[in-house]
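Below is one structure; the comments refer to it alone.
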Amino acid sequence: MQIMYRSTRSSQIRATASEAILQGLAPDGGLYVPEELPRYTKSLETLAGQTYQETALDIMSLFLTDFTQEELKTCIDRAYDSKFDIPQITCLHEADGVSYLELFHGATIAFKDMALSILPHLMTTAAAKRGVSDEIVILTATSGDTGKAAMAGFADVPGTKIIVFYPKGGVSAIQEKQMCTQRGSNVHVVGIRGNFDDAQSAVKRIFSDEQMKERMAGAGKRFSSANSINIGRLVPQIVYYYYAYGQLVKEGKIRAGEQINITVPTGNFGNILAAYYAKQIGLPVKKLICASNENKVLVDFFTSGSYDRNRSFRLTSSPSMDILISSNLERLIYRIAGEDPDFTKKCMDSLGAEGIYQITPKMEEGLGDFYGNYASEAETSEEISRIYERSGYVIDTHTAVASAVCRKFREETKDSAAMVVASTASPYKFCNTVVRSIRPDAGEMTDLELIDMLHEISGVEIPQAIEDIRTAPVLHDTVVDVDEMPQEVIRWLDL
């Protein structure tokens with residue numbers, strides 16, 4: 001079955017998978033979604049005997065239908081290789097009655113590696129398929145992890161450049177050091193005086209700026225995105241939920257066909273949307289638990305049907321979730337609105353102009369797959385300590401938010417179904433909070449000393465990604481105001 005993609009804001013804009021991946025964002029500012037969702041028709045028992053690469057080929061073939069099997073297999077083999085520090089690419093760790101899906105074994109020790117390892121290969125393959133000779137400029141806003149993972153994926157890839165904007169002072173010290181030491185002649189990293197929402201909104205405006213498009217076309221360049229607004233980022237994320245299910249069957253934790261629950265620490269809504277799509281195409285998922293930190297705009301949305309970003313923005317110890325405008329929620333709105341692009345556009349226009357929109361009571365019924373809750377900063381720290389004391393397992397701040405919310409869900413609902421918690425980053429990326437949660441009496445220490453202490457506490461080998469930045473020189477130190485972002489793009493690209 002050929003799957004075409006259309007914009008969430010217009011039924012007139014259609015694209016093949018390769019076209020959608022190249023464009024990133026639809027021309028009208030909407031997000032590309034499948035015109036119809038495929039179905040996973042293989043036996044669920046099959047998953048238990050598959051490698052990650054085999055599962056990836058099965059799932060991606062369902063969505064990326066204008067790629068040949070050989071093209072997809074080549075992209076998968078190039079992406080999921082020795083860049084990951086375990087041969088199975090991801091794994092489940094059992095602790096306190098929960099299966100933590102470790103998604104941080106890639107080059108930048110965060111879950112973004114799972115999709116951003118393959119996106120450059122999908123994009124360059126798509127460009128060749130479409131006969132595109134323009135230089136592809138990846139323009140991305142990051143709340144901490146996407147930026148480094150995208151740069152690692154695209155660094156020195158021929159025919160591409162990448163510009164990453166991040167909130168200066170709004171990411172962890174390790175996240176910033178990872179980004180600002182990134183090598184590559186085609187890489188540019190820029191701090192902004194603002195938060196992630198400011199960066200993300202400005203990037204979207206640059207994408208839709210007609211004068212910028214003309215400048216780019218005149219220079220033989222075109223924009224695309226590495227954020228999860230790009231369907232080429234989202235589809236690979238569906239894979240690991242199927243792989244995790246297969247591992248649960250393989251380990252005898254569940255029977256094939258048995259329902260599971262999935263908890264995801266959520267900011268921009270891409271990771272949990274991938275789990276939602278996994279359920280929609282056939283994965284036996286009972287409930288999707290959306291875990292937020294103190295920026296709990298999504299929790300309030302699930303309980304009220306009103307999305308309202310007009311609130312204080314909080315800087316937390318889980319910075320990749322410090323988001324008040326969750327871009328990928330637009331895809332869910334489109335789905336529960338009966339795939340109505342006019343209503344979706346109306347909501348997004350209202351969000352842009354007034355910072356709020358309200359869905360209908362009928363649409364609220366479509367949110368039944370989800371449960372939303374949040375963890376405070378104190379609860380996040382307590383969860384890190386609690387899991388360590390009970391099992392000796394060390395989790396990062398984002399995983400701790402999910403773990404705490406998972407526990408609240410189980411206590412409230414008494415639901416005992418097998419639970420998978422998406423563990424989205426290595427604790428080494430947030431060693432300050434992690435160490436002080438476990439050892440509150442730790443005195444003044446440098447970041448490097450905290451890393452060594454975390455190694456002592458966890459017994460887990462220090463990842464190469466952390467070792468690499470111990471002595472790496474800072475190569476990027478540009479900082480601009482939000483309204484200077486377009487000019488910085490023009491300057492660096494010499495448009």
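These numbers come from the heavy atoms of this one structure, side chains and all, not from hydrogens, waters or symmetry mates.
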For Phe343 and Tyr334: C-alpha separation, side-chain torsions, deciding distance, then whether ring-ring contact (aromatic ring centres under 6.0 Å, His included) applies. CA-CA 8 Å; Phe343 183 86; Tyr334 176 81; over 10 Å; no
Is Arg470 salt-bridged to Asp452, going by a charged N under 4.0 Å from an acidic O? yes
Measuring only between side-chain heavy atoms, which start at C-beta, is Ile89 closer than 4.5 Å to Met114? yes
For Ser304, enumerate each residue passing the side-chain contact (heavy atoms from CB on, under 4.5 Å) test, keeping only those at least two apart in sequence or located in another chain. Ser306
Given the rule in the salt bridge (Lys or Arg N to Asp or Glu O under 4.0 Å) test, do Asp369 and Lys287 qualify, once you have shown the distances and angles that lead to the verdict? CA-CA 5 Å; Asp369 289 324; Lys287 209 72 164 179; over 6 Å; no
Taking C-beta and beyond as the side chain, do Ser172 and Asn432 meet within less than 4.5 Å on heavy atoms? no
Checking Asn230 against Ser225: is there a side-chain donor and acceptor pair closer than 3.5 Å? no
Partner of Arg407 by salt bridge (Lys or Arg N to Asp or Glu O under 4.0 Å), out of Glu382, Glu383, Glu412: Glu383
Are Glu135 and Arg222 close enough for a salt bridge, meaning some N to O gap below 4.0 Å? no
Tell me, please, which residues at least two apart from Asp198 pass side chain to side chain donor-acceptor pair (under 3.5 Å). none
Would you call Ile466 and Ile174 a side-chain contact if the rule is heavy atoms closer than 4.5 Å? yes
As a quick check of understanding, evaluate salt bridge (Lys or Arg N to Asp or Glu O under 4.0 Å) for Glu379 and Lys408, giving each step before the final call. CA-CA 11 Å; Glu379 288 172 326; Lys408 290 180 181 183; 3.1 Å; yes
Given Phe111 and Phe104, is the ring-ring contact (aromatic ring centres under 6.0 Å, His included) satisfied, shown in steps? CA-CA 5 Å; Phe111 83 100; Phe104 51 76; over 10 Å; no
Charged N-O contact under 4.0 Å between Lys296 and Asp300: yes
Using only heavy-atom distances, determine whether the side chains of Thr316 and Glu294 contain a donor-acceptor pair under 3.5 Å. no
